[in-house]
Peer 1: 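Before I ask anything, let me first share the structure, which is written out below as structure tokens.
Nothing here was measured: the structure is a model prediction, and the numbers come from that model. Here, residue 1 is the first one in the sequence, and each next residue gets the next number. Values reported hereafter were calculated over all heavy atoms of this structure, with side chains retained and with hydrogens, waters and symmetry mates removed.
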Amino acid sequence: MANWTASDIPPQTGRTAVVTGTGGIGFQTALALARAGANVIVAGRNAAKGAVAIAQIRREVPVANVRFAAVDLASLESIETFADTLRRSHGGLDLLVNNAAVMAPPRRLQTSNGFELQFGTNHLGHFALTGHLLPLLCKGNRPRVVSLSSVAARSGALDFHDLQSERDYKPMVAYGQSKLACLMFAFELQRRSVAAGWGIQSIAAHPGISRTDLLINGVGAGSMPGMARRYLWFLFQPAEQGALPSLFAGTAPEAEGGAYYGPDRMGETRGFPRPASVPMQAKDLEAAERLWSESERLTDTVFVTDRRPQPASSLFAV
């Protein structure tokens, strides 16, 4: 693994990948996969940003097999529509990168289904998306699901009495909870894949501290974190470097199911991919099972391989 880079990605010709998110780490992940020959679907809610991303990838990789597909991870209805369309057009899916995220909006916002925006988008949206795409993944060639966590998961905690931060909303506390949930989902998906014989490798990754617009889009460019991102840019590694753990998890033959990868330097804030330290709270099997059950209930999604997951028939507020 020493100093693994995108040039070490094995040929991806013939493999189909879905990457959520049109900018930052998601864009760099999609670009590297396209450069390696994969058929890449960039999934996001903003069609204009998607078009810009696709055009830029094609400028850099003229032979890229890449397209944009609309999905709003803050809408269970949109997720179901996206998955239905993909199931009709594809016989299998080889890689799903659960990358898109919302970070630390200064006031509590909700998804269209009434979930707190960060928990609803970062975790519940990707949980539902993975469940709806499970039949395609099970038909894929050596399929993998890569779920992005964050260094913020280290201080994260699951508050099962207030998962939606209705009683007490603190931006970074809610973000940490959502990213801890993403990490625990990745581990629990691997355990369930092994137990059920799905044949899917579920792997977690985090990008360290990278130079993307995620922070600015959340707390705003004028906030203290936003100002740090703008004027102390040299403390943030480039997005293409931050994408390496995701790319390693998604493509490297030596990447292991149930593992967690992040940067190897300066407290996992920058560098090259290596096994990341797992927070103690992410190892709680009872909490992971409870999170899975709650996620099924909240999204009305059941993971099954021989038929469509149960539809999000009641788009209720919680």
Side-chain angles (χ1 to χ4, degrees), residues 17-21 25-26 29 43 73 79 93-101 118-134 137-138 140 142-154 156-158 163 175-196 198-208 242-252 254-263 268 273-296 298-299 301 303:
V18 170
V19 180
T20 65
I25 303 300
T29 301
L73 289 163
I79 291 166
L93 178 62
D94 307 306
L95 175 62
L96 170 62
V97 183
N98 289 326
N99 164 83
Q118 296 178 90
F119 189 74
T121 301
N122 302 351
H123 168 60
L124 292 177
H126 283 120
F127 179 91
L129 178 65
T130 306
H132 281 283
L133 293 178
L134 185 66
L137 286 162
C138 287
R142 306 184 312 279
R144 294 185 183 185
V145 175
V146 177
S147 297
L148 266 72
S149 184
S150 165
V151 293
R154 298 172 183 171
L158 296 179
L163 283 176
Y175 180 71
Q177 175 180 247
S178 75
K179 283 301 183 177
L180 174 62
C182 292
L183 181 57
M184 295 175 73
F185 165 62
F187 293 157
E188 184 66 13
L189 178 61
Q190 174 66 19
R191 288 189 287 267
R192 291 177 183 246
S193 176
V194 171
W198 292 340
I200 297 169
Q201 279 189 305
S202 176
I203 307 173
H206 78 81
L244 292 181
S246 302
L247 290 165
F248 180 88
T251 67
E254 60 267 42
E256 300 178 357
Y260 183 31
Y261 297 101
E268 298 183 14
R274 74 165 186 192
S277 58
V278 178
M280 283 301 299
Q281 60 270 36
K283 301 177 183 179
D284 188 332
L285 299 184
E286 183 177 346
E289 291 182 359
R290 184 176 180 184
L291 175 65
W292 187 283
S293 297
E294 279 295 290
S295 301
E296 284 185 325
L298 291 169
T299 64
T301 303
F303 281 56

Peer 1: Below 4.5 Å, heavy atoms only, C-beta onward: do L148 and V97 meet side chain to side chain?
Peer 2: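 Side-chain contact under 4.5 Å: yes.
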Peer 1: Looking at A186, is its backbone amide N or carbonyl O close enough to the side chain of S202 to form a donor-acceptor pair, meaning the two atoms are under 3.5 Å apart?
Peer 2: yes
Peer 1: Between atom CD of E188 and atom OG of S193, what is the distance when rounded to the nearest 0.5 Å?
Peer 2: 11.5 Å
Peer 1: Which heavy atom of H206 sits nearest a heavy atom of P263, and at what distance?
Peer 2: CE1-CD, 3.4 Å
Peer 1: I'd like to check N98 versus L73 (side-chain heavy atoms, cut-off strictly below 4.5 Å). Are they in contact?
Peer 2: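 Of all side-chain heavy-atom pairs linking L73 with N98, none is under 4.5 Å.
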Peer 1: Hey, could you give me the CD/CD distance between E296 and E294, rounded to the nearest 0.5 Å?
Peer 2: 10.0 Å
Peer 1: Is there a donor in the side chain of N99 and an acceptor in the side chain of S246, or the other way round, less than 3.5 Å apart?
Peer 2: no
Peer 1: Using the test side chain to side chain contact (heavy atoms under 4.5 Å, CB included), find all partners of S295 that sit at least two apart in sequence or belong to another chain.
Peer 2: H123, L124, F127, L291
Peer 1: Going by heavy atoms in the side chains, are L137 and W198 under 4.5 Å from each other?
Peer 2: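 In short, these two side chains do not touch, never coming nearer than 4.5 Å.
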Peer 1: Quick one: does L244's side chain get under 4.5 Å of Y261's, heavy atoms only?
Peer 2: no
Peer 1: Please round to the nearest 0.5 Å and tell me the distance separating atom CZ of F185 and atom NZ of K179.
Peer 2: 12.5 Å
Peer 1: Provide the closest heavy-atom pair for P207 versus S149 in the form atom of the first, atom of the second, distance.
Peer 2: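 Here P207 and S149 meet closest at CD-O, 3.8 Å.
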Peer 1: Could you list the residues that satisfy side chain to side chain contact (heavy atoms under 4.5 Å, CB included) with A287, not counting sequence neighbours?
Peer 2: F160, M184, D284
Peer 1: Could you measure the distance from the CG atom of L163 to the CG atom of L298? Nearest 0.5 Å is fine.
Peer 2: 7.0 Å
Peer 1: With no hydrogens and no angle check, just 3.5 Å: does a side-chain donor-acceptor pair link H126 and S147?
Peer 2: no
Peer 1: Are side-chain heavy atoms of V145 and L133 found at a separation under 4.5 Å?
Peer 2: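 Side chain of V145 against side chain of L133, heavy atoms only: no contact under 4.5 Å found.
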Peer 1: Could you tell me which non-hydrogen atom of A128 sits nearest to which non-hydrogen atom of T299, and how far apart they are?
Peer 2: CB-CB, 4.2 Å
Peer 1: Is there a donor-acceptor pair closer than 3.5 Å between any side-chain N or O of R144 and the backbone N or O of A249?
Peer 2: yes
Peer 1: Counting only pairs under 3.5 Å, give me each side-chain donor-acceptor contact of residues 273-281, with atom names and distances, residues two or more places apart or in other chains.
Peer 2:
unit_1: R274; atom_1: NH1; unit_2: D264; atom_2: O; d: 3.4
unit_1: S277; atom_1: OG; unit_2: E268; atom_2: OE2; d: 3.1
unit_1: Q281; atom_1: NE2; unit_2: A153; atom_2: O; d: 3.3
unit_1: Q281; atom_1: NE2; unit_2: R154; atom_2: O; d: 2.9
unit_1: Q281; atom_1: NE2; unit_2: G156; atom_2: O; d: 2.8

Peer 1: Atom CD in E256, atom CD1 in I203: separation rounded to 0.5 Å?
Peer 2: 8.5 Å
Peer 1: Under a 3.5 Å distance rule, please check whether T121 uses its side chain to pair with a backbone N or O of A101 as donor and acceptor.
Peer 2: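 Side chain of T121 to backbone of A101, a donor-acceptor pair under 3.5 Å: no, none is there.
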Peer 1: Is the shortest side-chain heavy-atom distance between I200 and C138 below 4.5 Å?
Peer 2: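 Side chain of I200 against side chain of C138, heavy atoms only: contact under 4.5 Å found.
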Peer 1: Please check if the number of heavy atoms outside E286 that lie under 6.0 Å from its CD is greater than 12.
Peer 2: no
Peer 1: Any non-hydrogen side-chain atom of Y175 less than 4.5 Å from a side-chain atom of N122?
Peer 2: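 Side chain of Y175 against side chain of N122, heavy atoms only: contact under 4.5 Å found.
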Peer 1: Compare every heavy atom of A282 with every heavy atom of F187, then report the nearest pair and how far apart it is.
Peer 2: CD1-O, 3.9 Å
Peer 1: Which atom names give the shortest non-hydrogen contact between G208 and V151, and what distance separates them?
Peer 2: CA-CG1, 4.4 Å
